[in-house]
Every structure is written in structure tokens, then in C-alpha cells.
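All values below were derived from every heavy atom in this structure, side-chain atoms included, with hydrogens, water molecules and symmetry-related copies excluded. From a predicted model like this one, the values you see are computed outputs, not experimental measurements.
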Amino acid sequence: MSNVINAKDMQAAFISGANNLSNNKEYINELNVFPVPDGDTGTNMTLTIMAAASEVEALSAPTIDLLAKAISGGSLRGARGNSGVILSQLFRGFCREIKGREEINIDDLTAGFAHAVETAYKAVMKPKEGTILTVARGMAEKADMLLGTEDDIVLFLEQIVEYGKEVLEGTPELLPVLKEAGVVDSGGQGLVTVMEGMLLALKGEPVSLLDSDSEPKLARGAGILSDIPKIPVGHRMGSGKDDISTADIKYGYCTEFIILLDKEISDAEVENIKNYLLSIGDSLVCVADEEIVKIHVHTNHPGRAFEKGLEYGQLTRCKVDNMREEHSERTLIENEKRKAQEQEEAFNQLKAKRKGAKQKYGIAAVATGEGLEEIFKEVGVDYIIQGGQTMNPSTDDIIMAVNNVNADNVYLLPNNKNIILACNQAAELVKDKKVYVVPSSTIPQGIGAVLNFNAEAEPDDNFAQMSDALSGIRSGEVTFAVRDTSFDGKQIRKNNIMGISENGIDAVGTEVSEVTVNLIEKLADEDSGLISVYYGEDITKEEADELGELLSEKFEDLDVEIKYGGQPIYYYIVSVE
């Protein structure tokens, strides 16, 4: 029996919880209600907690204070997506409460759980019940009920986790969309999975991180209410191609790290780093400023790349992925090469810009797809944050973008509902400039917001003007279903084409162009004047032009614009104004 948790116990428990989440992330992804090819709740939560776990694991002589700093800071900077941001806020609230302790007892845990829930609820503009917040609050309330009745911390936590599972099983009764889809809340499942992993460590059975082809160690609990086929570990849904042989991969390890410079680096030294890394690999991105150098390289010798970096300072954010194992779920090599070149060009342009006089205004926007990126640059965006559906940028990515915009006032365009919270979190953490988060939830809204920017207006007036522009733009996306489901009374089969708007799934069919027309019919009204269509990487120009002719015939009183977006996942992104 134990009535306290010391720093070593807490370190082991956190790492075990993170590993358990990572091992089960694909299952959690499958719980997403919308049958779209993203399923990213498990991935986002895992990336968030792993950012903290790497810092926690690096502590050789942990104290409660050091652990609290590592957990809170690491998860805040690594937070991705709404689920990841909420998870980071739960950690943040808990860690604030336990600071200053040498050990943690049941009273501390109870107070920490309460503060965690309070902090997370405050971070969400309109909290919904039936989500991760409900599960977190349920466990906090159970802890408060048990206070004074239990002395053994393990038995105390066992009862809390079991109650968390009960609350999780009840989430479909609070959110009808969960009940119709036959699933529990994915974020709530993620939180319970973390707690289960922590509890196992405290019981002397810590969870290890599994290989990608291993089965998760833990039973999955309630999860899906009706049977859904298990996703093979390592499978990722999306538009990636699976027909590439591993023999095509010349350099097998995608290696990323950041050098914290001992002193300012010269251009000649940067060239030296580049030349060396190109001698042992390819797909290089090497970008530098006064304090850091960020490296991305494909190589067969990650250790040599790290050794080169150590010549110039300390290393952080070290990451190595075996692409020969993971080629089927990652962006194709040629796309990575292109993106690497584009990122380097963009960074060089920014570096030149930063050397000039500081501007009054700057704009950063989240986007992916070479066409969309070019459109944002043309309308005046200073910095493109790589990301969107299936690849939500972290809070740290967004902060880095803001820091690279040489302006006193920076407007952030998330362009995705799942990125708004991370942008808000980044805005709070940036102290040397004013950051405005314009809550654009789609790409067309983001473009419309930029077009309403006025360089002569005052900062707050600009923010109001850009935000007001969002309501006049109705937008949607056309993609495919990744599984059979029922949603909003519609029966959807795997590989059906779906037209999705803010109202939900507006159109379902088997033909991309037919569903796109049906979606636009739902978006257009008598006040509409313009239809804009951005076609993705899986659509040819000829197919897009044919759709444009069809729309011009059907909506003869409206102007129709067809533009290349190059976005993954979505065949078309459309807007009606």
C-alpha cells in the first residue's frame, strides 16, 4: 500500500500513459464520428503527449517541479488539434496545482484533477458535453467524492478510472451524433487510455511503446458500441499511394532536429552543414536564424547528422522515422522533396524580409497544397503554416510562424475548426507582439478574411473586419467515406463520395462531380453571386474544367471560378458568396 507518489513514480506513470495512448491511437482515430479520411483525434493526442513525454524522459534527476514544467511546457508547445489542446490544458491545470510538492498525496491529486478540469473548460469557447471534457469532469468529481474514504493511491485511482469508463460509455446519450454513429467520444477514450497507462505503471506494470506491427497490449474497453472492423496497426487513411516498393527509398530514415546555437551562425557555416548533410542524404531542409537551425534530412545515418549538429550547439526535438517501415502511411518521397524545396525557399524569403524594418502588420495562414499556398501568397499572406486536415500543426509550429513574421501585429488564419484552439494557445504564449486569431474554419473563409484586410485600418478594426467577412462565405468540401456509417439520417457506405458543409453531410453519392453539384445547390441561394471551386491533387485540370462548364450551365446567373488548389484528401473545396 502507498499513500504518496514520488517524482520517479510520476515520471514512470506519465511515460506509461503516453505509451498506452500511442499504442492505441489508431483505435481512437477510428472512433471519430465523421467517416472522412482524417480520423486524427488519436494521432493529435499522441503527438501532444509525446512532445511532453520526450522532455519527461530526459530528466535524469526528476523532481515534482521539474516534471510539472516538462509536462505542462512540452504538451503546450506540442499540442495539435482541439483534442490535443484540451489534453494540454488538462495537464497545464494539474501541473499548476502540484508545483512545490516533494510528493503527491490523494489530496493533491484531487485538487489537481479539479484544477485541470477548470483550466480545460476555460480554454474552450463553447464547451460541449459528451466529450473529453465530460469524462475529465466525471473523474474529477469522483475523486472529490472519494476524498477521505481511501488511503491507498492505487485503489483511489482504480476507482476513478473505472468511473471514467462509465462516463465515457454514457457520452452517446449526451451527443446524438455519437449514438447514431455507434461510438463513444474519441477524445474521452484517449483520456481514459492515458489514465489506464498511468495506473498500470503505479501498479508495477508500465506500458512499453510497441512496434508499429504489434498489437496493443490493453483491452480497448467500451469504445465502439457496434462492431467495427479493427484497423491494422500502422494503417492510415488518406490519399497516400500504397504501390511504392521500399526499394525505391534510397535513404531510409527521415531525420529531424533543431540545433540550439551556442553562438550566431554564419552563412558559410550554414552552407557547411548543408553540404555535409547532402553528402549523406537528400530531401534536405536546413533553415537558420540567430538562435536556432532546423534540420530535416533523409539519410541512412541519422547519428552522423546529429553529430554534425552537435558541432554548433545543443540538440532538441530529435525525431527519426524509418520510412521503409512506414512508407505506406506517409507522404510520398517525391512530395517530400518538393515540400522541402518550397519550405527552404519560403524560409530564405522570410529571412530576407526579417532583416528589413519591422512592419505594422503581418498575416500567417494554415494551408496545404501548392495551389492554395500560392493563392494565399498572392492575396498578401506573409507566412504559410503547413497543415490542415490530417496534419494539424502544433502550437510550437504556429509560434514559430508568428515569430517569423516581422510585424508588430500578426493575424492568424487557422482555416480549419480543429486548428483554432492551437492558434489561440499560440497567441497566448507569444509575448513580444500582438496576435489576432481570425476564426476561419475553412480555406475559402481564410481567403475572404485576407481580402478584407485593410493596411490603413487600426489593428482591432482590421480584426473585426476580417472576422465579419467569415459569415458571408458558405463553404464545403468533397471527399470520400472511409467506413460504413449512419449520420444525420443518411446511410453512408465506405468509398461513397460526400459533400460536407458546416451543416454536416449535405450530399452523398458515387460520382465526385454529381456530389459537388448537389453540395453547391445546398450552399447557394437567391443572394449568391459567385461560386469558387478549388480542385485537389487527385483531380485533373480537364475534370475540373468539365465541372466548371456543368456549374455555369446549372447556375447561369452566378459567376463560376475554377482554381487549382492541389490539396490532399478533398477532391474539391467550394465556396458560395
So which atom in Ser75 and which in Ser88 form the shortest heavy-atom distance, rounded to 0.1 Å?
O-CB, 3.4 Å
With no hydrogens and no angle check, is any side-chain donor or acceptor of Glu511 less than 3.5 Å from a backbone partner on Glu514?
no
Taking every heavy atom of Ile573 against every heavy atom of Ile443, the minimum-distance pair comes out as CD1-CG1, 4.2 Å
Set of residues satisfying ring pair (Phe, Tyr, Trp, His ring centres under 6.0 Å) with respect to Tyr564, sequence neighbours excluded
Tyr535
Quick check for you: to the nearest 0.5 Å, what is the distance between Ile385 atom CD1 and Leu412 atom CG?
5.5 Å
Just by distance, do the side chain of Asp185 and the backbone of Ile132 share a donor-acceptor pair under 3.5 Å?
yes
In terms of side-chain heavy atoms, does Ser22 have a donor or acceptor partner in Asn19 at a distance below 3.5 Å?
no
With the side chain counted from C-beta on, respond yes when Val576 and Ile520 share a heavy-atom pair under 4.5 Å apart, and no when they do not.
yes
Would you say the side chain of Thr510 lies within less than 4.5 Å of the side chain of Ile497, judging by non-hydrogen atoms?
no
Quick one: ring pair (Phe, Tyr, Trp, His ring centres under 6.0 Å) partners of Phe555, sequence neighbours excluded?
none
When you check the side-chain N and O atoms of Gln445 and Glu502, is any donor under 3.5 Å from an acceptor?
yes
Assert yes or no for the condition that the ring centre distance of Phe463 to Tyr411 is strictly below 6.0 Å.
no
Before accepting this row, confirm whether a basic side-chain N of the pair Lys554/Glu556 lies closer than 4.0 Å to the acidic partner's carboxylate O.
no
From Leu519, Thr442, Val574, residue fulfilling side-chain contact (heavy atoms from CB on, under 4.5 Å) relative to Glu477:
Thr442
With sequence neighbours excluded, what pairs up with Asn503 under the side-chain hydrogen bond (donor to acceptor under 3.5 Å, both in side chains) test?
none
Would you check if the distance from the ring center of Phe453 to the ring center of Tyr361 is below 6.0 Å?
yes
State, without any angle test, whether Asn462 and Asn454 hold a side-chain donor-acceptor pair at a distance under 3.5 Å.
no
Where is the tightest heavy-atom contact between Asn392 and Gly81, given as atom of each residue plus distance?
OD1-CA, 3.6 Å
Ser501 and Asp506: side chain to side chain donor-acceptor pair (under 3.5 Å), yes or no, with the steps?
CA-CA 7 Å; Ser501 74; Asp506 281 339; 2.5 Å; yes
Under the side chain to side chain donor-acceptor pair (under 3.5 Å) rule, what do Ser440 and Asn415 come out as? Steps first, then yes or no, please.
CA-CA 5 Å; Ser440 54; Asn415 300 331; 2.8 Å; yes
Is it true that Asp382 and Lys377 have a side-chain N and a carboxylate O under 4.0 angstrom from each other?
no
Thr368 side-chain N/O to Gln567 backbone N/O, donor-acceptor pair under 3.5 Å:
no
Correct closest heavy-atom pair for Thr479 and Ile569 would be OG1-O, 3.0 Å
In terms of side-chain heavy atoms, does Asn29 have a donor or acceptor partner in Thr43 at a distance below 3.5 Å?
yes
Which pair of non-hydrogen atoms, one from Glu543 and one from Asp538, has the smallest distance, and what is that distance?
OE1-O, 4.2 Å
Output, in order, the C-alpha distance, side-chain angles, deciding distance and verdict of side chain to side chain donor-acceptor pair (under 3.5 Å) for Thr41 and Asn44.
CA-CA 5 Å; Thr41 299; Asn44 282 339; over 6 Å; no
